[in-house]
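One structure is given below, encoded as structure tokens.
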Amino acid sequence: MEGFEVNVIKGFSQTLQKFRPGVLTEVVGSHLERAGSSVAELFSVMGGFGYEGFNLEVQRHGFGDRLKLSKAQVGNTTDDVVWLHSESFLCDRLRQWMV
């Protein structure tokens with residue numbers, strides 16, 4: 001989407017409200033600004049739909065990798081953020097990886 005994440009999310013607002021799917025976005029400030037948006041607006045729009053952002057990271061764990069989800073905030077994000085609705089089954093299923 002290269003910065004147009006906010007526009008796309010607004011475009012499928014009914015789907016977000018009805019089904020509460022997990023959403024994965026890039027959060028790159030320069031891309032969002034180039035498209036006339038901002039990181040703060042992305043967080044505001046997603047929060048308005050009842051979503052919370054989690055930084056998506058992969059950590060080395062023994063001989064493999066392990067998923068790590070940490071609370072994302074404006075000014076403290078990785079490039080990839082998973083957005084979860086608190087009433088979604090995904091939130092419960094992914095809770096073991098949240099820190």
Side-chain angles (χ1 to χ4, degrees):
M1 294 182 256
E2 296 299 318
F4 290 94
E5 286 81 359
V6 172
N7 294 358
V8 171
I9 288 162
K10 287 178 179 178
F12 70 97
S13 61
Q14 290 180 350
T15 299
L16 290 175
Q17 292 169 342
K18 184 174 182 179
F19 299 107
R20 298 179 177 143
V23 178
L24 175 65
T25 65
E26 281 189 325
V27 180
V28 180
S30 60
H31 292 181
L32 290 163
E33 290 166 13
R34 195 170 45 231
S37 186
S38 67
V39 172
E41 184 180 12
L42 177 60
F43 273 80
S44 176
V45 167
M46 292 304 288
F49 288 116
Y51 279 77
E52 186 172 4
F54 294 90
N55 294 315
L56 176 62
E57 302 173 66
V58 178
Q59 291 184 323
R60 199 77 179 137
H61 185 73
F63 292 108
D65 295 319
R66 183 177 182 162
L67 179 67
K68 176 184 173 189
L69 298 173
S70 59
K71 186 171 168 65
Q73 298 173 334
V74 176
N76 179 26
T77 64
T78 56
D79 285 347
D80 297 314
V81 173
V82 176
W83 300 92
L84 300 172
H85 194 283
S86 62
E87 296 177 14
S88 168
F89 75 95
L90 283 175
C91 203
D92 288 332
R93 294 195 67 187
L94 295 174
R95 194 166 309 282
Q96 65 182 333
W97 291 290
M98 294 178 188
V99 291

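Everything quoted here is computed from the prediction, not taken from an experiment.
The ring pair (Phe, Tyr, Trp, His ring centres under 6.0 Å) search around F54 returns none, not counting sequence neighbours.
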Would you give me the side-chain donor-acceptor pairs under 3.5 Å for residues 28-37, sequence neighbours excluded?
{"unit_1": "H31", "atom_1": "ND1", "unit_2": "E2", "atom_2": "OE1", "d": "3.2"}
{"unit_1": "S37", "atom_1": "OG", "unit_2": "E41", "atom_2": "OE1", "d": "2.8"}

Next item on the list: For side-chain contact (heavy atoms from CB on, under 4.5 Å), just list the numbers for V45 and K10, CA-CA rounded to whole Å, side-chain angles, deciding distance to a tenth of an Å, and then say yes or no.
Entry: CA-CA 8 Å; V45 167; K10 287 178 179 178; 3.8 Å; yes
Candidate pair R93 and L84, rule side-chain contact (heavy atoms from CB on, under 4.5 Å), full reasoning: CA-CA 11 Å; R93 294 195 67 187; L84 300 172; over 6 Å; no
Worked check of side-chain contact (heavy atoms from CB on, under 4.5 Å) between V58 and K68: CA-CA 6 Å; V58 178; K68 176 184 173 189; over 6 Å; no
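Surrounding CD of Q96 are more than 12 heavy atoms belonging to other residues, nucleotides or ligands, all under 6.0 Å away.
Contact annotation: the side chain of S86 never approaches that of E52 to less than 4.5 Å [non-hydrogen atoms, C-beta and beyond]. Residues H85 and P21 form no side-chain contact, since every pair of their non-hydrogen atoms from C-beta on lies 4.5 Å or further apart. Residues D80 and E26 form a side-chain contact, since some pair of their non-hydrogen atoms from C-beta on lies under 4.5 Å apart. Counting heavy atoms from C-beta outward, F43 and T77 have side chains that approach closer than 4.5 Å. Counting only heavy atoms from C-beta outward, the side chains of V23 and V82 never approach each other to under 4.5 Å. A heavy-atom distance below 4.5 Å is not found between the side chains of V81 and L24.
One hydrophobic cluster, built from ILVMFWY side chains closer than 4.5 Å, holds both V39 and V8. Note on F4: it does not cluster hydrophobically with F49, by side-chain heavy-atom contacts below 4.5 Å among ILVMFWY residues.
Not one N or O on the side chain of T25 forms a donor-acceptor pair closer than 3.5 Å with the backbone of V27. Between the E5 side chain and the G3 main chain, a donor and an acceptor come within less than 3.5 Å of each other.
Between L56 atom CG and W83 atom CH2 the span is 13.0 Å, to the nearest 0.5 Å. Interatomic distance, CG of L69 versus CG of N55, reported as 9.0 Å (0.5 Å rounding). To the nearest 0.5 Å, atoms CG (L90) and CZ (R20) are separated by 12.5 Å. Remark: R95 CZ to C91 SG distance equals 4.5 Å, nearest 0.5 Å.
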